[in-house]
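Labels below follow one simple rule: chain letters A, B, ... track the order of the sequence lines, proteins then strands, and each chain is numbered from 1. Values in this document were obtained by computation on a predicted structure and should not be read as measured data.
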Amino acid sequence: MLQTARRGRKKTGSEAQAAAAVHERYLEAYRWMLLTRLFEEKLASMYRGGMITGGVYVGKGQEAVSAACGMFLRKGDIFAPLIRDQAGRAAFGEPLVDVARTYLGSRLGPMRGRDGNIHRGKPREGQLAMISHLGAMISVVVGSLMAKRWRGEKDFVGLTTIGEGGMQTGSTHEGLNIAAVERVPLVVVATNNHYAYSTPNEREFACASLVDRALGYGFEGYEMDGTNLNACLETIETAVKRARAGRPPQLVVASILRLAGHGEHDDFSYVTDDIRKEPFAQDCLKCAEVCIRELGLADDATVRNWRDEALRKVDEAVATAQREPAPNAGEEDWCAISTRELCDPVE
Amino acid sequence: MSLTYLEAIREAQAKLLRDDPRVFIYGQDVGGTFGGAFKATKGLAKEFPGRVLNTPISEDAMTGVAIGAALEGMRPIVEMQFADFSSIALNQILNNAGTQYWRTNLPVPITVRLPSGGTKGSGPFHSQSMESLYAHYPGLIVMTPATVEDAYTMLIDAISIDDPVVYCEHKYLYYHLKADALPSEGMPIGRARVARAGRDLTIVSYSAMLHESLAAAEELARENWDIEVIDLRTVKPLDTSTVLGSVARTGRLLAVGESFPWGGVTAEVLARVASEGFHLLDAAPARLNAKDTPIPYHPNLWSAHRPSSHAIAAKARRLLRE
Ligand SMILES: Cc1ncc(C[n+]2csc(CCOP(=O)(O)OP(=O)(O)O)c2C)c(N)n1
């Protein structure tokens with residue numbers, strides 16, 4: 001439990017330590033969220049300035065859910081993030097410069113200009129590179145976890161994310177079902193941000209809550225308030241722990257509102273005034289800042305320092321990527337397979 | 001000892017499971033005591049416990065699992081119950097497996113086995129030949145073995161290749177072809193084979209159509225035509241130089257395939273010969289495919305839908321007279 005640092009009865013030594021650890025974790029998550037918000041604001045402004053080709057997709061409002069996804073994973077785990085997971089990717093260890101490189105198409109980035117924006121990853125390091133087709137990555141994580149089990153690895157988990165829109169594809173259905181059949185240590189975090197692009201919930205699904213599907217698939221299910229960082233940390237920590245301990249796959253369903261367009265090209269004018277007043281429409285970052293101030297977890301000067309430090313990191317990542325070479329079509333290796341002698345000889 | 005094409009596929013998988021701990025087989029009904037709809041994995045689940053696994057009817061997820069396992073170092077074989085149902089897995093095969101190496105520099109060594117092609121009475125959804133479709137997309141190798149020996153060695157090669165392989169095994173050949181022994185080595189992957197040498201016309205074919213083409217060549221031999229027949233073996237990569245070498249000898253080209261006529265392997269063969277070997281041709285190149293309708297159920301219709309040896313011989317005769 002997150003508790004006030006100032007008030008309350010006097011704690012025993014171990015209680016105080018536990019409380020301190022929880023506070024530290026909360027602040028760590030907050031810093032990932034802050035870094036993400038500032039970085040994505042920078043990407044959005046670069047997009048508006050015509051400096052980024054293609055699209056920019058941000059996770060504004062979803063940072064708490066995403067940060068929590070990355071924070072309980074460790075080396076040897078598998079993370080298959082999706083569109084709004086900058087915070088989780090960073091927390092799992094993706095360097096900021098690789099994000100800038102991918103958005104700017106740097107030849108030195110993980111995707112080398114061959115793929116862009118959110119379609120990035122380093123599968124050798126357990127960060128799977130999403131394809132656009134929603135739901136397709138779930139079964140891929142299942143397969144990676146099966147391979148680890150065959151190799152005799154222990155204590156690993158996989159975590160993948162999906163939106164409420166992506167929850168409706170056939171691929172998602174097949175993936176969730178096969179995860180339960182293979183009984184792999186998987187956590188699926190589904191964020192209902194109330195719109196799939198412009199389509200509201202009532203045209204997406206007709207069940208009362210997506211968490212009800214957990215039972216149908218043989219998962220254990222949880223609902224959480226995605227605007228409440230502490231709830232996100234506690235719920236996802238529990239789910240990850242239970243998966244690691246060999247419980248059935250876990251489904252966490254978070255509720256938030258997407259506080260930006262689908263992508264930066266989108267003015268999200270379809271988001272109604274009524275929905276903007278819902279409790280789930282609160283900004284998780286602001287909520288966390290209020291909590292930090294009210295509980296006295298960190299003073300204002302410290303938070304200001306964190307912000308300045310994050311801005312420095314953002315500028316540095318972007319500046320580095322901007323200095324790097326763009327791909328060159330003349331030097332590109334136009335062979336889509338690794339077995340070069342089997343490249344088709346077509347002109 | 002005599003082995004069928006189907007038994008060669010089973011033997012190849014047994015050898016792979018025996019020799020390589022990274023190999024596992026994943027598909028509907030492949031495990032238990034059943035051994036697959038066509039018995040291509042008969043007895044393997046018992047011999048290799050935990051490595052020949054039944055799956056839910058989820059072609060997309062079966063393939064996704066294989067991709068994920070391959071990224072972690074395994075060598076999965078996915079058995080589609082029929083090639084036709086691989087349509088459900090198209091996304092995983094084309095967009096996930098097919099793009100992975102290009103995007104991330106990490107290849108995906110999966111092999112997807114497709115029991116392909118028409119047999120009597122199988123109808124629109126258990127008869128399809130999908131090699132043209134898979135060959136169209138980047139990042140995949142597409143094999144279409146036509147002999148018992150190739151069925152065996154090419155499947156073993158498929159698993160050793162670091163890239164995704166779509167292995168199209170023809171259901172008609174399962175029981176119709178026999179060999180006395182299995183070779184320890186085959187021709188290199190990506191190389192076409194001159195299945196019959198001749199001087200008057202080149203028929204380029206693959207999979208079950210190879211045998212219709214060879215029968216057509218026999219029929220024409222009785223009329224004193226000397227027909228060369230090429231077995232492509234893999235349709236991607238397509239061994240353009242062996243085809244061009246043959247056309248250089250004969251001056252005439254007929255490409256024969258069992259898939260639908262719009263685009264496809266035969267169109268690709270013609271396009272390559274026309275653009276790279278136009279000067280070698282003494283007559284306009286021709287092609288013969290299945291008809292542009294769903295594959296019919298009744299044998300009277302089915303046997304006219306796909307190219308038969310007689311239809312191939314008739315088309316070749318017209319070409320030889322030009
Ligand atoms: C199978 C598939 N169909 C369509 C799209 C195009 N598309 C990309 S994101 C998106 C909306 C996704 O909504 P949701 O899953 O709720 O995630 P959110 O964008 O709200 O985070 C759509 C329709 C896609 N990526 N995949």
Side-chain angles (χ1 to χ4, degrees), chain A residues 78 80 110-112 114-115 119-124 126-133 135-151 153 158 169-182 184 333-347, chain B residues 21-22 24 26 50-51 53 55-74 76 88 91-92 95-96 98-109 135 137-141 161-164 188-190 234 236-241 268 271-272 275-276:
Chain A
I78 303 280
M111 311 313 280
R112 301 158 292 159
R114 293 177 174 188
D115 207 342
H119 305 89
R120 60 177 196 270
K122 287 186 177 166
R124 276 191 180 85
Q127 308 164 24
L128 300 191
M130 61 175 275
I131 66 167
S132 294
H133 301 65
M137 299 310 291
I138 299 172
S139 56
V140 176
V141 183
V142 174
S144 291
L145 297 174
M146 288 167 67
K148 283 174 172 291
R149 187 160 65 195
W150 269 315
R151 271 208 304 267
E153 287 184 29
T169 68
S171 193
T172 295
H173 167 70
E174 290 193 10
L176 294 175
N177 181 62
I178 215 162
V181 168
E182 298 293 2
V184 285
D333 177 13
W334 297 102
C335 175
I337 55 175
S338 70
T339 317
R340 319 207 52 77
E341 64 275 19
L342 293 184
C343 245
D344 189 66
V346 70
E347 297 285 301
Chain B
R22 302 170 303 172
F24 70 100
Y26 207 55
R51 295 172 66 198
L53 298 172
T55 65
I57 306 170
S58 299
E59 286 78 8
D60 178 302
M62 282 152 53
T63 311
V65 163
I67 293 169
L71 288 173
E72 284 292 318
M74 302 295 285
I88 307 296
N91 185 46
Q92 294 287 8
N95 289 315
N96 221 344
T99 67
Q100 189 71 220
Y101 171 71
W102 168 259
R103 295 168 65 235
T104 70
N105 220 21
L106 189 58
V108 184
Y137 273 78
L140 308 170
I141 289 159
I161 290 172
D162 286 339
D163 297 292
I189 293 298
T234 65
K236 191 170 191 181
L238 200 153
D239 183 356
T240 315
S241 64
E268 188 65 32
R272 292 188 191 194
S275 63
E276 292 170 50

Among [options], who wins on heavy-atom pairs under 4.5 Å with chain A?
options	result
B:Thr63, B:Ile67, B:Asn96, B:Thr55	B:Asn96
B:Ala135, B:Ala66, B:Ala61, B:Ser241	B:Ala61
B:Pro76, B:Pro56, B:Pro138	B:Pro56
B:Val108, B:Asn105, B:Ile161	B:Asn105
B:Ala70, B:Gly139, B:Gly190	B:Gly139
B:Arg103, B:Met74, B:Gln92, B:Arg22	B:Arg103

Which atoms of [X] are under 4.5 Å from chain B, going by heavy atoms: the side chain, the backbone, both sets, or neither?
X	value
A:Lys122	neither
A:His173	neither
A:Leu176	neither
A:Pro110	backbone
A:Met146	side chain
A:Glu182	side chain

Proximal component of [X], with respect to chain A [non-hydrogen, under 4.5 Å]:
X	value
B:Asp239	neither
B:Leu238	both
B:Leu140	backbone
B:Ile141	side chain
B:Arg272	side chain

[X] versus [Y]: any side-chain heavy-atom pair under 4.5 Å?
X	Y	answer
A:Ile78	B:Glu72	yes
A:Val140	B:Leu71	yes
B:Pro188	A:Glu341	no
B:Thr99	A:Arg114	no
B:Gln100	B:Pro164	no

Between A:Thr339 and B:Asp162, is there a side-chain donor-acceptor contact under 3.5 Å, judged purely by atom types and distance?
no
Look at the aromatic rings of A:Trp150 and B:Phe24 and report parallel, tilted or perpendicular, splitting at 30° and 60°.
tilted
Give the intermediate values and the outcome of salt bridge (Lys or Arg N to Asp or Glu O under 4.0 Å) for residues A:Asp333 and A:Arg112.
CA-CA 11 Å; A:Asp333 177 13; A:Arg112 301 158 292 159; over 6 Å; no
Between A:Ile131 and B:Asn91, does the side-chain contact (heavy atoms from CB on, under 4.5 Å) criterion hold? Intermediate values first, please.
CA-CA 10 Å; A:Ile131 66 167; B:Asn91 185 46; 4.0 Å; yes
Could you check whether any side-chain N or O of A:Ser139 sits under 3.5 Å from a backbone N or O of A:Gly175, counting only pairs where one atom can act as donor and the other as acceptor?
no
Using a 4.5 angstrom heavy-atom cutoff, name the option from A:Ile337, A:Val346, A:Asn177 with the most pairs to chain B.
A:Ile337
A:Ser132 versus A:His119, closest heavy-atom pair with distance
OG-NE2, 2.7 Å
